[in-house]
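Structure, as structure tokens:
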Protein chains: 2
Amino acid sequence: MVTLYDVAKRAKVSIATVSRVLHGQDRVRETTRARVRAAIEELGYVPDGAAQSLARSRKDVVGLVYVAREDPRLGRHELESMSLLFRDEVMRGVESRLRARRWSLLVTYLGDDEASGAVPDGGAPVMPRLLALSGKVDGLLIGDGVVSGGQLAVLARRLPAVLIAGDPGQPYADVVAADNWSGTHALVEHLVTVHGRRRLALVDGPAASPDATVRRRAMEAVIAERPGTALAGTFSGKFSAAGGEQAAGRLLAGAAGAGGQLPDAIVCANDQMAIGVLRRLADSGVRVPRDVAVVGFDDIFPAALCDPPLTTVRQPMRRIGERACERLFARIADPSLPPAAELLPAELVVRASCGCPPVSAR
Amino acid sequence: MVTLYDVAKRAKVSIATVSRVLHGQDRVRETTRARVRAAIEELGYVPDGAAQSLARSRKDVVGLVYVAREDPRLGRHELESMSLLFRDEVMRGVESRLRARRWSLLVTYLGDDEASGAVPDGGAPVMPRLLALSGKVDGLLIGDGVVSGGQLAVLARRLPAVLIAGDPGQPYADVVAADNWSGTHALVEHLVTVHGRRRLALVDGPAASPDATVRRRAMEAVIAERPGTALAGTFSGKFSAAGGEQAAGRLLAGAAGAGGQLPDAIVCANDQMAIGVLRRLADSGVRVPRDVAVVGFDDIFPAALCDPPLTTVRQPMRRIGERACERLFARIADPSLPPAAELLPAELVVRASCGCPPVSAR
DNA sequence: ATGAAAGCGCTAACAT
DNA sequence: ATGTTAGCGCTTTCAT
């Protein structure tokens with residue numbers, strides 16, 4: 001390996017001078033500078049980042065951790081795998097912030113086995129993988145589901161950490177997430193005030209999901225605020241298109257029963273479920289939005305493509321990445337900052353499935 | 001910062017012993033081990049990665065460089081931005097290999113201004129960004145279009161490097177890419193032998209694109225091999241849906257002229273263009289695949305969703321990432337390896353737009 | 001089983 | 001303008 005000493009020897013100067021040239025400092029004679037430059041070029045010298053980091057005692061690197069959560073049965077085009085898009089977008093946001101500072105991003109996907117996400121905190125030591133990573137970065141961005149609360153507490157004590165799209169309620173670390181509540185609120189309000197929908201059914205996600213819970217509450221809030229509206233049933237299932245189909249099936253079965261009546265709007269916990277609902281409805285000859293409006297959440301890619309195009313709420317994924325990164329910078333600069341949660345506004349995306357006139361999709 | 005010395009002091013042992021405990025070596029008494037463990041836990045000690053790397057003189061990190069190539073006008077759902085999917089998939093492949101070795105991935109997106117990709121090699125020094133990165137990794141994975149040939153030569157001389165989806169013809173570094181030639185060849189063969197198509201039109205990409213060139217050559221090869229088939233015109237444009245629409249427009253105009261005749265198959269340089277062609281054809285009442293077959297290349301997400309579903313060729317993106325990473329490992333282990341190119345088979349994805357019976361897409 | 005000490009390649013304060 | 005030198009935090013012989 002070519003070191004500073006090799007270059008210094010070749011250019012017949014001291015290592016300090018080489019270092020100066022390397023960092024474009026003045027106080028070096030032009031001719032010397034040229035000699036050093038030549039030596040660097042000839043030797044193909046590359047400064048060792050580890051040594052630099054050690055000497056400067058900072059690394060200019062932030063870590064990003066996700067759980068791999070891979071399902072080999074899912075092709076890359078499956079709707080369910082689209083949640084990956086979320087991460088990719090977040091990452092781009094992070095990267096744009098990093099680039100401005102000329103820092104780098106160290107990405108790690110933990111295997112399902114290595115993450116402690118849902119585990120009920122057995123007081124286990126911090127995951128080794130995560131520990132190793134910690135030593136290589138100035139701060140950590142942690143994806144949702146990577147660590148349990150207890151682990152997070154331990155981790156955040158050791159180094160600056162920001163949780164991405166995690167539980168805004170936990171008190172251990174900073175969080176940056178989308179504002180599920182106001183997003184859903186705006187969506188349901190739209191249904192009620194613009195389209196005059198009154199009997200609102202909910203196709204809910206898993207009870208354990210914090211996101212689903214918040215979205216449900218927001219819907220209930222609108223119903224409470226708007227006299228004349230009512231919750232026309234709740235049908236919960238997995239966050240998948242299949243889950244949506246099943247829920248819609250139960251909903252249809254209920255409406256077909258004695259005195260049964262179709263709701264005039266179906267609010268789904270996410271887009272995948274909404275797409276499943278749409279399919280099931282189409283199979284039964286129910287027209288959307290004419291007979292019933294359907295809305296989703298997330299604005300995943302296929303949402304714009306389905307028939308009718310889905311009205312939904314977009315999570316500001318990229319922005320989440322940017323803000324999380326900025327917050328991390330702030331915390332690195334001042335580790336004593338009290339942990340804060342930042343909720344980013346989610347944007348209502350109006351398409352045709354709510355009853356609005358279709359916009360040329362092209 | 002908590003260091004090895006702090007832990008040693010607290011546990012009343014030498015730093016060597018702490019280091020031994022840290023790495024699970026034997027030759028440490030159980031009671032001592034326990035004392036050290038306790039000290040580590042109490043202090044919240046995290047080994048400094050930079051110091052470790054320096055002492056071990058290896059980093060266990062590989063770098064991945066891409067050009068940002070961002071167009072802020074494009075929303076994340078635009079077809080054009082789907083090429084990003086390619087990178088994300090490649091990255092997952094890389095990550096899976098890295099994980100097996102417990103290495104990390106250092107990702108950097110260069111700004112358009114920082115990359116030298118298309119630049120005609122002004123003999124400029126290696127980009128500073130890339131240099132800085134080089135010092136932090138054991139090897140580099142370089143995305144297509146990041147560096148020019150000359151730069152690549154310089155870079156590859158300094159550290160292990162593998163080009164991802166770049167020009168397999170360049171002699172400076174290893175390359176891992178999809179086999180465009182045989183993929184296209186199989187696709188066109190399918191059109192000719194299975195569906196009896198004879199008058200094949202080409203909707204070509206930009207002349208400057210190596211990918212487009214290879215795909216064109218492969219198509220010409222099939223035509224040369226199969227008597228009775230003929231090239232029924234070439235219409236080139238940008239690698240975009242709009243480019244495809246324009247090309248289809250010209251094609252239709254030509255067919256409408258005196259003695260004009262529609263081709264019975266249109267081979268497009270990529271899926272985006274094919275989708276544009278499909279749109280334009282639909283607008284003109286031309287039926288696909290009945291009147292004319294249309295095929296693309298890449299198998300981007302919307303390819304399965306359009307009407308009719310697009311027959312195309314899938315690049316083994318994930319596999320490319322895996323192989324590139326493995327090749328990089330090999331080169332790190334033995335830097336004297338002669339540069340090699342590895343072409344991965346691209347898979348024919350048969351849907352309905354070629355004339356095959358539609359498969360239930362769901 | 002444990003400790004002492006010599007680097008690893010670099011930065012930066014302090015000479016000169 | 002340039003050189004000397006003391007760390008940075010760790011791994012790893014080599015002693016004991």
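Here is the naming used below: chain letters follow the sequence lines, and residue numbers restart at 1 for every chain. Because only heavy atoms are used, hydrogens play no part in the values below, and waters and symmetry mates are left out as well, while side chains stay in.
Thr3(A) comes within contact range of the sugar-phosphate backbone alone, with a heavy-atom separation under 4.0 Å but no base atom that close.
No donor-acceptor distance shorter than 3.5 angstrom exists from the side chain of Arg319(A) to the backbone of Leu344(A), with no hydrogens or angles considered. Between the Thr32(B) side chain and the Val28(B) main chain, no donor and acceptor come within less than 3.5 Å of each other. A donor-acceptor contact shorter than 3.5 Å links the side chain of Ser96(B) to the backbone of Gly93(B).
Listed by first and then second residue, the salt bridge (Lys or Arg N to Asp or Glu O under 4.0 Å) pairs that reach into residues 50-67 of chain A are Arg58(A)-Asp60(A), Lys59(A)-Asp48(B), sequence neighbours excluded.
With a cutoff of under 4.0 Å to any heavy atom of chain B, the contacted region of DNA chain D is bounded 5' to 3' by dG9(D) to dT12(D).
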Exercise for review: Decide yes or no on salt bridge (Lys or Arg N to Asp or Glu O under 4.0 Å) for Arg10(B) and Glu42(B), but give the supporting numbers first.
Suggested key: CA-CA 10 Å; Arg10(B) 175 135 194 164; Glu42(B) 289 158 22; 2.7 Å; yes

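A straight line from CD of Gln52(A) to C1' of dC8(C) spans 14 Å, rounded to a whole angstrom. Distance CE (Met1(A)) to C1' (dC10(C)): 10 Å, rounded to an integer number of Å. For Asp48(B) and dG9(C), the CG to C1' distance is 14 Å, given to the nearest whole Å. Rounded to a whole Å, the CZ atom of Arg35(B) is 8 Å from the P atom of dT2(C). The distance between atom OH of Tyr5(A) and atom P of dT11(C), rounded to the nearest whole Å, is 11 Å. Distance Arg58(A) CZ to dT11(C) P: 11 Å, rounded to the nearest Å. Rounded to an integer number of Å, the gap from CG of Leu4(A) to P of dA12(C) is 12 Å.
Of all the heavy atoms in Arg331(A) and Pro160(A), the pair that sits closest is CG-CB, 3.7 Å. Nearest heavy atom pair, residue Thr108(B) against residue Glu95(A), reads CA-OE2, 3.5 Å. For the residue pair Leu141(B) and Ala324(B), the shortest heavy atom distance occurs at CD2-O, 3.7 Å.
Listed nucleotides dC10(C), dC8(C), dG3(C) differ in distance to Ser14(B); the shortest reach to its side chain belongs to dG3(C).
Listed in residue order, the members of residues 16-32 of chain A having a heavy atom less than 4.0 Å from DNA chain D are Ala16(A), Thr17(A), Arg20(A), Arg27(A), Val28(A), Arg29(A), Thr32(A).
Geometrically, Arg92(B) does not engage Tyr109(A) in a cation-pi contact, judged by NZ or CZ lying under 6.0 Å from the ring centre and within 45° of the ring axis.
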